[in-house]
Amino acid sequence: MDNTDFNGKLAQLLFPDIDKTPDYYEKLYPDRGLPEGARVTRFAPSPTGYLHIGGLFGALVDVLTAKVSGGVSYLRIEDTDKKREIEDGVSGITDGMKAFGVEFDEGVTGFGTEKGNYGPYTQSKRVEIYQTVAKSLVEKGLAYPCFCSADELDQIRSEQEKEGAAIRGYFGKWAKCRNLTYDEIEKKIKNGESWVLRFRSDGSEERRVFFDDVIRGKIEMPENIIDEVLLKSDGIPTYHFAHVCDDHFMHTTHVIRGEEWISSVPKHIALFKACGFRVPKYAHTPQVMKIDEETGDKRKLSKRKDPEAAVEYFITEGYPKEALIEYLLTVISSGFEDWRRANPAVSAEDYPFNLKKMSSSGCLFDIMKLRDVSKKIISTMTADEVYSRITGWAETRDPDLYSAFTSDKERTVAILNIDRDVPKPRKDIAKWNEVKDYYSYMFREFYTNDLVLPENISPADAVEIVSEYAGVFSLEDDKETWFNRIKGMCDSLGFASDNKEYKQNPDKYKGNVSDVVTVIRIALTSRAQTPDLYPIMTILGCDEIKSRLEYAASFWKGMLPNG
Ligand code: GLU
């Protein structure tokens, strides 16, 4: 039997039910007809139900790369490894993406749903495609069945170890099934022996492969010589083979993925070439790192040790989606912060992202920096916006906060508006789970008295201040009159109403007007620092103010020697 006959017969023996050819799929998935330079990218996670922050980071790079080039990004679920899969592991990924507004043009949109013309976008639904390509590889003599059992493979491994072989795996002299005859194969198949399909590599240890990584530049590596498994014994492809077929038929131009895949590139290039597919461009993104709190060393964000490794964490904590995205962009792209300074009001989605400007070294995730970014973003939102975000977050996560906030919407919005609608809004809140504590003094249900005076104020003076203030405050006052009233109390209490005067003669006074305001603030809010006290008082209302001032007076009186 000559080789063509052998290959043709073998292909038919191995895949009797496959009646299509790769050409059929070429026509089914035609060129996308995109303009020159448009990039097609994909995010291709396994459905483990867990979205790592590195995944969101990678997805963002995919979406932005496609967007700035007028291309297409899509989400493909790589579920060929059933061992790693969990039931409905897809929603965890798509929900995480949605929560942070990362939207693909095509692909899987949720559990059992998808959009786009190049689907199905879930690998387990594409088995016929892989088997069709696999059959064509057998026809070309580029793949063969391997009947080696797990024990035989173990034995090969241990012999390679004993020999100290530099390269380990199924190749060359170790590849026992590479040269089986048709009759031998047929017999084994008739006997019901299980087989996997292996790639017939023509790689050489002496040769090198070169590729241009968009982020890392030129990379040179030894050629692949391993006869990699393409289809497992159940006919399901390995990741290596499946993604090659998918990236081809889905017309991926740029494979953007984590740097842990760099070592597999020679294998992937060999597979693309064997299949007659154009090799895509590669961009391997750096891993997300953090500084270890104990050792001070840089290390990979770990699913086990770091709650912030999971995107879910940021949803639960209540970080606004824009904050995480904005922060990730500062980490991903060295030019982002300059661009942001020049374009403060433009949406981050419109950032002219450039893959080439990505750093290739591990990017450092710094939660304190995220907090700062988030505070800034929240400070620029309107009170109505903040109200709807907080209530949306709290509805399922903090029912007490939800009911307190929604029981009087107008009042809550007024609270949220304090120090917001001003030229320099306060940057105090980083995430929604801080809100309850931050505004606790505005809600009876959350407020607890904690009347700690600063060291420079004696309880006796504090009693005098609040007792006097209880008699003079008026909610009819405008802000200036309100402040003048406090100033007016100062001199008789021994505090300077005028700051300049106080600075010149500090010894003449017990303190100045701001100390008096602080005492009133503590009496009303149990805090030495709050946003503007004037609107706080207008919202608290007369009765509440009176009762808090009375309580404070009696509390501090209780601290006096004869109190
Ligand atoms: N399914 C692979 C993973 O989950 C993706 C690798 C790739 O993007 O090519 O790591």
Side-chain angles (χ1 to χ4, degrees), residues 39-66 71-86 89-94 96-97 102 104 106-108 114 118 120-127 129-130 211 213-216 219 224 228-230 232 236-272 275 277-288 300-303 309-311 332 355 358:
R39 293 171 170 187
V40 180
T41 61
R42 87 293 196 275
F43 179 55
S46 296
T48 54
Y50 176 90
L51 183 58
H52 190 277
I53 186 77
L56 184 66
F57 161 93
L60 192 58
V61 176
D62 286 317
V63 168
L64 292 173
T65 301
V72 174
S73 61
Y74 65 89
L75 174 65
R76 182 172 74 219
I77 295 295
E78 304 209 325
D79 59 346
T80 57
D81 186 355
K82 291 289 168 195
K83 272 179 258 145
R84 286 177 62 201
E85 195 173 327
I86 60 156
V90 174
S91 305
I93 293 165
T94 49
M97 295 292 170
V102 175
F104 297 93
E106 269 179 24
V108 174
E114 61 172 39
Y118 290 80
Y121 294 87
T122 300
Q123 289 186 328
S124 58
K125 297 184 180 148
R126 301 172 63 82
V127 173
I129 304 175
Y130 310 125
F211 66 98
D213 188 288
V214 184
I215 298 170
R216 287 152 205 273
I219 297 184
N224 170 68
E228 191 61 43
V229 174
L230 305 179
K232 294 175 269 189
I236 301 294
T238 54
Y239 154 72
H240 301 296
F241 183 52
H243 97 281
V244 163
C245 299
D246 294 340
D247 282 330
H248 172 70
F249 289 119
M250 295 176 180
H251 299 275
T252 308
T253 62
H254 288 65
V255 168
I256 302 170
R257 59 185 177 186
E259 64 184 352
E260 65 277 18
W261 293 105
I262 294 183
S263 59
S264 301
V265 174
K267 192 180 295 175
H268 296 165
I269 290 181
L271 290 178
F272 272 104
C275 295
F277 300 157
R278 193 167 58 200
V279 182
K281 290 226 162 43
Y282 287 101
H284 289 93
T285 54
Q287 254 156 359
V288 182
K300 233 174 92 178
L301 262 189
S302 133
K303 184 172 168 178
V311 166
I332 291 171
L355 255 189
M358 263 185 87

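Only this structure's heavy atoms are used, side chains among them; waters, hydrogens and symmetry mates stay out. Note that ligands are numbered from 1 as they come in the structure, with each ligand's atoms numbered from 1 the same way.
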Contacting atoms of ligand 1, where contact means under 4.0 angstrom from a heavy atom of Ser46: 1 (N), 4 (O)
Numbering as shown, the atoms of ligand 1 that approach Glu78 to under 4.0 Å (heavy-atom distance): 1 (N), 2 (C), 5 (C)
Classify the side-chain pair [X]/[Y] by whether it contains a donor and acceptor separated by less than 3.5 Å.
X	Y	answer
Asp246	Tyr130	yes
Tyr121	Glu106	yes
His284	Arg257	yes
Ser73	Asp62	no

Selection from Trp261, Tyr239, Phe43 by shortest heavy-atom distance to atom 9 (O) of ligand 1: Tyr239
Glu260 heavy atom under 4.0 Å from ligand 1: no
Polar atom proximity, Ala44 to ligand 1 (N or O, under 3.5 Å): yes
For the student: nearest non-hydrogen atoms of Thr252 and Pro280, plus distance: O-CB, 4.0 Å
